[in-house]
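When reading the values below, keep in mind they use all heavy atoms of this one structure, side chains included, and skip hydrogens, waters and symmetry mates.
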Amino acid sequence: MTNPRHARETENGRYYEIPGVDRQLVSVTNANSVALAKYGLPLWYANLATDAAWSNLPRMAYALRRQLCEASTTDDRCGVCRDCVTRDIKGAAEASRDSASALGSRVHDLAEAHVLGRPIDEMPGDDEAGLYVAQYIRFLEDFDVDLERDVVATEMTVFDEHAGYAGTLDVILRLPFDGWTFTADKGGVPRLGKTRKVTDPEQRGRFLLDIKTSRKRGVTQSYPENVLQVTALRHAKRLVLPDDTTAPMVTGITGTGTIQLRANRYAVIPLPSRTQEMRTFLRVLEMTRWVHDVWPGDYDYRPMTPSGAPTPKRQRKTAEQ
């Protein structure tokens, strides 16, 4: 999706400036990125770099016979030495990352436009994005979602001023189930309980769903941050309306999960968002506050001497000295 209206990029990542709230609130995804290891991300980057290296294999072989230009980061780079080729390979991986992010944002925008029945201008790349949106439409049809009756909210910023966070939910839909419930097994792992399908539209549950896209990941693949993301959004206290006023958060949510979209398939993945998961997210917020607000502070980093006293601080010389 495009950058949420009230989101701001800071030196510590994305924060929200909510009307009527006198401090910035850290975004849910920002907090998760600080406190959680991205299990799939290092491997994903490694695969991108490997693919780029194989695509540049002739250049790499030629670069071994070339003298370093010592200018790979400048406009005077030669483009053929080892440093220049290495920089190009790294750049290809970063470009692939940015392309994946742009695809996900565009799919979100097109999906929202479809749900709201709103026209949207075409953009380059919509042929690929359209494949994912087609799977989203297929999901809506398979789950008998009536766009007039079953769309509760879409692309809405929610927040908890007291806890100090905000985020933007993708969609809340009424689905033909009474809800998704999770219970812990003997090892404490949450397991999805029985789900009862309903035929009466009035009995449909409300489900907060986050849209995820990927060109390469398996359609059923999920990560810990997905759980904490939908948990934080579900347990938010208020939401921001289009006129910038705020209102209480949507109530009666009976399930949370992700809609995993791929170019040729989709999967709906129920995820737990109980009070247990919310307690974990609050610890994530605590870690984020420490990293953003405490750690960069006036810590004394001087080494300890054998006498027990820290090394005296060095005085930076001025130009006159």
K.L.:
With rounding to the nearest 0.5 Å, note down the distance linking CD1 in Ile172 to CD1 in Ile253.
P.N.:
4.0 Å

K.L.:
Would a hydrophobic clustering, with Ile, Leu, Val, Met, Phe, Trp and Tyr connected at side-chain separations under 4.5 Å, put Leu36 with Met278?
P.N.:
yes

K.L.:
Does the ring centre of Tyr165 sit less than 6.0 Å away from the ring centre of Phe281?
P.N.:
yes

K.L.:
In a table with atom names and distances, give each donor-acceptor pair under 3.5 Å that connects a side chain of residues 112-119 to protein atoms at least two apart or in another chain.
P.N.:
none

K.L.:
Just by distance, do the side chain of Arg87 and the backbone of Thr73 share a donor-acceptor pair under 3.5 Å?
P.N.:
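Checked: no pair found.
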
K.L.:
Give the minimum heavy-atom separation between Ile211 and Ala111, together with the two atoms involved.
P.N.:
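Answer, listing the atom of Ile211 first, then Ala111: CD1-CB, 4.2 Å.
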
K.L.:
Do side-chain atoms of Asn226 reach the backbone of Tyr223 as a donor and acceptor pair under 3.5 angstrom?
P.N.:
yes

K.L.:
Could you check whether any side-chain heavy atom of Leu131 comes within less than 4.5 Å of a side-chain heavy atom of Asn264, counting everything from C-beta outward?
P.N.:
no

K.L.:
How close do Ser55 and Pro58 get, heavy atom to heavy atom, and via which atoms?
P.N.:
O-CD, 4.4 Å

K.L.:
A side-chain contact here means heavy atoms from C-beta on lying under 4.5 Å apart; do Thr183 and Pro190 qualify?
P.N.:
no

K.L.:
Can you find a heavy atom in the side chain of Arg174 that is under 4.5 Å from one in the side chain of Phe143?
P.N.:
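Arg174 does not reach Phe143 side chain to side chain.
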
K.L.:
Is it true that Val198 and Leu175 fall in one hydrophobic cluster, defined by side-chain heavy atoms closer than 4.5 Å?
P.N.:
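No, Val198 and Leu175 fall in different hydrophobic clusters.
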
K.L.:
Drop me the distance from Leu233's CG to Thr256's OG1, to the nearest 0.5 angstrom.
P.N.:
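So the gap between those two atoms works out to 9.5 Å.
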
K.L.:
Check the side chains of Thr245 and Asp243 for a donor-acceptor pair under 3.5 angstrom, ignoring hydrogens and angles.
P.N.:
yes

K.L.:
Do the non-hydrogen side-chain atoms of Lys212 and Gln229 ever get within less than 4.5 Å of each other?
P.N.:
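Of all side-chain heavy-atom pairs linking Gln229 with Lys212, at least one is under 4.5 Å.
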
K.L.:
Any chance you could measure Thr154, atom OG1, to His108, atom NE2, to the nearest 0.5 Å?
P.N.:
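Thr154 atom OG1 to His108 atom NE2 measures 9.0 Å (nearest 0.5 Å).
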
K.L.:
Within a strict 4.5 Å, meaning less than it, do heavy atoms of the Glu155 and Leu169 side chains meet?
P.N.:
no

K.L.:
Does Arg274 reach the side chain of Arg234, with side-chain heavy atoms less than 4.5 Å apart?
P.N.:
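Not touching, per the 4.5 Å side-chain cut-off.
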
K.L.:
For a quick test of reading the model, state the closest non-hydrogen atom pair linking Phe159 to Glu161 and the distance between them.
P.N.:
CD1-N, 3.8 Å

K.L.:
State yes or no: do Val230 and Val219 share one hydrophobic cluster built from I, L, V, M, F, W and Y residues joined by side-chain heavy-atom distances below 4.5 Å, directly or via other members?
P.N.:
no

K.L.:
Please check if the side chain of Asp83 supplies one atom and the backbone of Leu68 the other of a donor-acceptor pair under 3.5 Å.
P.N.:
no

K.L.:
Between Leu241 and Ala247, what is the shortest heavy-atom contact and its length?
P.N.:
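What the structure gives for the nearest pair is CD1-CB, 4.1 Å.
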
K.L.:
So, do Tyr266 and Val268 sit near enough that their side-chain heavy atoms are less than 4.5 Å apart?
P.N.:
yes

K.L.:
Keeping Asn30 on the side-chain end and Asn12 on the backbone end, is there a donor-acceptor pair under 3.5 Å?
P.N.:
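Flag set: sc Asn30 to bb Asn12 pair under 3.5 Å.
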
K.L.:
State the SG-CD distance between Cys81 and Gln67, to the nearest 0.5 angstrom.
P.N.:
9.5 Å

K.L.:
Are the side chain of Asn56 and the backbone N or O of Ala53 linked by a donor-acceptor pair below 3.5 Å?
P.N.:
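No; zero donor-acceptor contacts below 3.5 Å.
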
K.L.:
On a heavy-atom basis, which atom in Gly179 and which in Phe207 lie closest, and how many Å separate them?
P.N.:
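Here Gly179 and Phe207 meet closest at CA-CZ, 3.7 Å.
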
K.L.:
Applying side chain to side chain donor-acceptor pair (under 3.5 Å), run through Arg262 and Thr213 and close with a yes or a no.
P.N.:
CA-CA 6 Å; Arg262 305 297 181 263; Thr213 61; over 6 Å; no

K.L.:
To the closest 0.5 Å, what do you measure between CG (Leu103) and CG (Leu261)?
P.N.:
10.0 Å

K.L.:
Hydrophobic clustering (ILVMFWY, side-chain heavy atoms < 4.5 Å, transitive) - are Val107 and Val145 grouped together?
P.N.:
yes

K.L.:
Determine the minimum heavy-atom distance between Ile89 and Ala49, stating which atoms define it.
P.N.:
CG2-O, 3.7 Å

K.L.:
Any sub-3.5 Å donor-acceptor pair from Glu128's side-chain atoms to Gly125's backbone N or O?
P.N.:
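Pair absent, no side-chain N/O of Glu128 close to backbone of Gly125.
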
K.L.:
Go through the steps for Arg5 and Asp244 under the test salt bridge (charged side-chain N to carboxylate O under 4.0 Å, His left out), then give the verdict.
P.N.:
CA-CA 10 Å; Arg5 188 155 55 98; Asp244 280 351; 2.9 Å; yes

K.L.:
Look at the side-chain heavy atoms of Ile, Leu, Val, Met, Phe, Trp and Tyr, link any pair under 4.5 Å apart, and say whether Met287 and Val294 land in one connected group.
P.N.:
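Linked, Met287 and Val294 end up in one cluster.
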
K.L.:
Excluding sequence neighbours, so at least two apart, what forms ring-ring contact (aromatic ring centres under 6.0 Å, His included) with Phe182?
P.N.:
none

K.L.:
Can you check side-chain contact (heavy atoms from CB on, under 4.5 Å) on Lys237 and His162, steps first, answer last?
P.N.:
CA-CA 9 Å; Lys237 304 302 183 185; His162 177 73; over 6 Å; no

K.L.:
Is the shortest distance from a Lys or Arg side-chain nitrogen in Arg283 or Glu286 to a carboxylate oxygen in the other one below 4.0 Å?
P.N.:
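Salt bridge between Arg283 and Glu286, a charged N being under 4.0 Å from a carboxylate O: no.
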
K.L.:
Does either side chain, that of Thr305 or that of Thr311, offer a donor lying less than 3.5 Å from an acceptor on the other one?
P.N.:
no

K.L.:
Side-chain contact test, heavy atoms from C-beta onward, threshold under 4.5 Å: evaluate it for Arg14 versus Pro4 and give yes or no.
P.N.:
yes

K.L.:
Taking atom CG of Asp109 and atom CD1 of Ile120, what is their separation to the nearest 0.5 Å?
P.N.:
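One finds 5.0 Å between CG of Asp109 and CD1 of Ile120.
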
K.L.:
Just by modelled atom types, is the Ser222 backbone N or O under 3.5 Å from a matching donor or acceptor in the Arg217 side chain?
P.N.:
no

K.L.:
Keeping the roles fixed (side chain from Asp126, backbone from Ala129), state whether a donor-acceptor pair exists under 3.5 Å.
P.N.:
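Between the backbone of Ala129 and the side chain of Asp126 there is no qualifying donor-acceptor contact (under 3.5 Å).
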
K.L.:
Exactly one of Leu208, Val158, Val152 should register a side-chain contact (heavy atoms from CB on, under 4.5 Å) with Val250. Which one does?
P.N.:
Val152

K.L.:
Do we see a donor-acceptor contact under 3.5 Å between the side chains of Arg82 and Ser72?
P.N.:
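On atom types as modelled, these side chains do not qualify, holding no pair under 3.5 Å.
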
K.L.:
Using a 3.5 Å distance criterion without hydrogens, assess whether the side chain of Thr254 forms a donor-acceptor pair with backbone atoms of Arg206.
P.N.:
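Yes, because the side chain of Thr254 sits within donor-acceptor range (under 3.5 Å) of the backbone of Arg206.
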
K.L.:
For residues 133-141, dump all side-chain donor-acceptor pairs below 3.5 Å to protein atoms at least two apart in sequence or in another chain.
P.N.:
{"unit_1": "Gln135", "atom_1": "OE1", "unit_2": "Arg138", "atom_2": "NH1", "d": "3.0"}
{"unit_1": "Gln135", "atom_1": "OE1", "unit_2": "Arg265", "atom_2": "N", "d": "3.4"}

K.L.:
Backbone N or O of Val284 within a donor-acceptor pair of the Arg289 side chain at under 3.5 Å?
P.N.:
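Judged by distance alone, no pair lies under 3.5 Å.
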
K.L.:
Under the side-chain contact (heavy atoms from CB on, under 4.5 Å) criterion, do Thr258 and Leu209 qualify, and how do the steps go?
P.N.:
CA-CA 5 Å; Thr258 60; Leu209 301 171; over 6 Å; no

K.L.:
Step by step, work out the side-chain contact (heavy atoms from CB on, under 4.5 Å) result for Val189 and Arg191.
P.N.:
CA-CA 6 Å; Val189 178; Arg191 303 294 182 188; 3.7 Å; yes

K.L.:
Salt bridge check: are Asp146 and Arg204 linked by an N-O gap of less than 4.0 Å?
P.N.:
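Answer for the salt bridge query: no.
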
K.L.:
With no hydrogens and no angle check, do the side chains of Tyr15 and Glu17 hold a donor and an acceptor under 3.5 Å apart?
P.N.:
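Distance-only check fails for Tyr15 and Glu17.
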
K.L.:
Walk me through it: do Lys197 and Asp144 pass the test salt bridge (charged side-chain N to carboxylate O under 4.0 Å, His left out)?
P.N.:
CA-CA 12 Å; Lys197 189 167 185 178; Asp144 191 28; over 6 Å; no

K.L.:
In terms of side-chain geometry, is the basic nitrogen of Asp88 or Arg77 positioned less than 4.0 Å from the acidic oxygen of its partner?
P.N.:
yes

K.L.:
I would like to know whether Met156 and Thr168 meet side-chain contact (heavy atoms from CB on, under 4.5 Å); could you show each step before the answer?
P.N.:
CA-CA 5 Å; Met156 183 167 286; Thr168 300; 5.8 Å; no

